[in-house]
Amino acid sequence: MATLLRQSTAVVIPIGPFVDSEDGDTPETGLTIAQSDVRVRKNGGSFAQKNDPNAATHDENGWYEVALNETDTNTLGELIVSVKVAGALPVWREFQVVPANVYDSLVA
């Protein structure tokens with residue numbers, strides 16, 4: 001099951017692990033992941049650059065933190081967050097954006 005996100009709510013998501021594109025194993029801990037590298041697809045629409053202006057930051061072992069804002073999470077349904085940067089294999093996560101009242105009743 002996809003991770004739930006609350007509609008129109010800013011959130012920081014972990015994404016990864018990013019691994020070396022040559023050996024497919026070594027964690028990539030020094031990547032520069034700009035806003036333009038993070039692509040979102042809302043409920044079957046076209047991929048587009050995420051709206052939140054912040055770059056991703058490294059957490060540990062190739063995992064990065066990606067900020068999404070209210071515009072990034074404003075559409076109900078499936079949300080795919082995808083990142084492709086030089087030196088690492090592509091990484092993506094799938095989420096389900098649900099109405100605030102549904103999220104609050106299930107998660108809060």
Side-chain angles (χ1 to χ4, degrees):
M1 180 174 162
T3 301
L4 298 179
L5 293 179
R6 190 176 196 263
Q7 183 182 22
S8 299
T9 302
V11 64
V12 176
I13 60 160
I15 191 165
F18 286 85
V19 295
D20 185 81
S21 59
E22 291 188 23
D23 69 20
D25 182 55
T26 305
E28 289 290 346
T29 61
L31 297 174
T32 299
I33 302 175
Q35 173 194 17
S36 59
D37 296 321
V38 181
R39 312 287 290 171
V40 296
R41 182 178 184 195
K42 300 178 186 182
N43 202 29
S46 298
F47 276 97
Q49 176 179 301
K50 77 174 181 128
N51 187 267
D52 184 282
N54 295 300
T57 57
H58 184 253
D59 185 13
E60 70 172 40
N61 296 323
W63 283 85
Y64 287 75
E65 300 288 324
V66 172
L68 302 176
N69 66 17
E70 297 84 357
T71 301
D72 294 319
T73 62
N74 67 359
T75 302
L76 293 173
E78 182 182 51
L79 176 69
I80 299 173
V81 179
S82 174
V83 181
K84 172 65 177 123
V85 292
L89 293 175
V91 175
W92 69 93
R93 285 202 55 199
E94 298 175 19
F95 300 91
Q96 188 69 29
V97 178
V98 298
N101 64 328
V102 172
Y103 181 90
D104 292 346
S105 67
L106 294 172
V107 178

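Just so it is clear, the structure is predicted and the values come from calculations on it, not from any experiment.
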What heavy-atom pair brings [X] and [Y] nearest, and what distance separates the two atoms?
X	Y	value
S105	V102	OG-O, 2.9 Å
Q49	V40	O-CG2, 4.4 Å
D72	N51	OD1-N, 2.5 Å

Distance in Å, [X] [atom1] paired with [Y] [atom2], rounded so as to fall on 0.5 Å steps:
X	Y	atom1	atom2	value
T71	K42	OG1	NZ	6.5 Å
R41	L79	CZ	CG	11.0 Å
E78	L5	CD	CG	11.5 Å
N54	I33	CG	CD1	13.0 Å

Identify each donor-acceptor pair in which a side-chain atom of residues 83-101 lies under 3.5 Å from a protein atom, sequence neighbours left out, and give them as a table.
from : atom 1 : to  : atom 2 : distance (Å)
K84  : NZ     : A88 : O      : 3.1
R93  : NH1    : P14 : O      : 2.8
R93  : NH2    : T3  : OG1    : 3.1

Donor-acceptor pair, side chain of T73 and main chain of T9, under 3.5 angstrom: yes

Backbone N or O of N69 within a donor-acceptor pair of the K50 side chain at under 3.5 Å? no

Path from Y103 to V11 over hydrophobic side-chain contacts below 4.5 Å: no

Donor-acceptor pairs under 3.5 Å, side chain of residues 55-65 to any protein atom, not counting sequence neighbours: which ones?
from : atom 1 : to  : atom 2 : distance (Å)
H58  : NE2    : G62 : N      : 3.1
Y64  : OH     : E28 : O      : 3.0
Y64  : OH     : T29 : O      : 3.4
Y64  : OH     : G30 : N      : 3.4
Y64  : OH     : L31 : N      : 2.9

Would you indicate whether the side-chain heavy atoms of N43 and L76 approach each other to under 4.5 Å? no

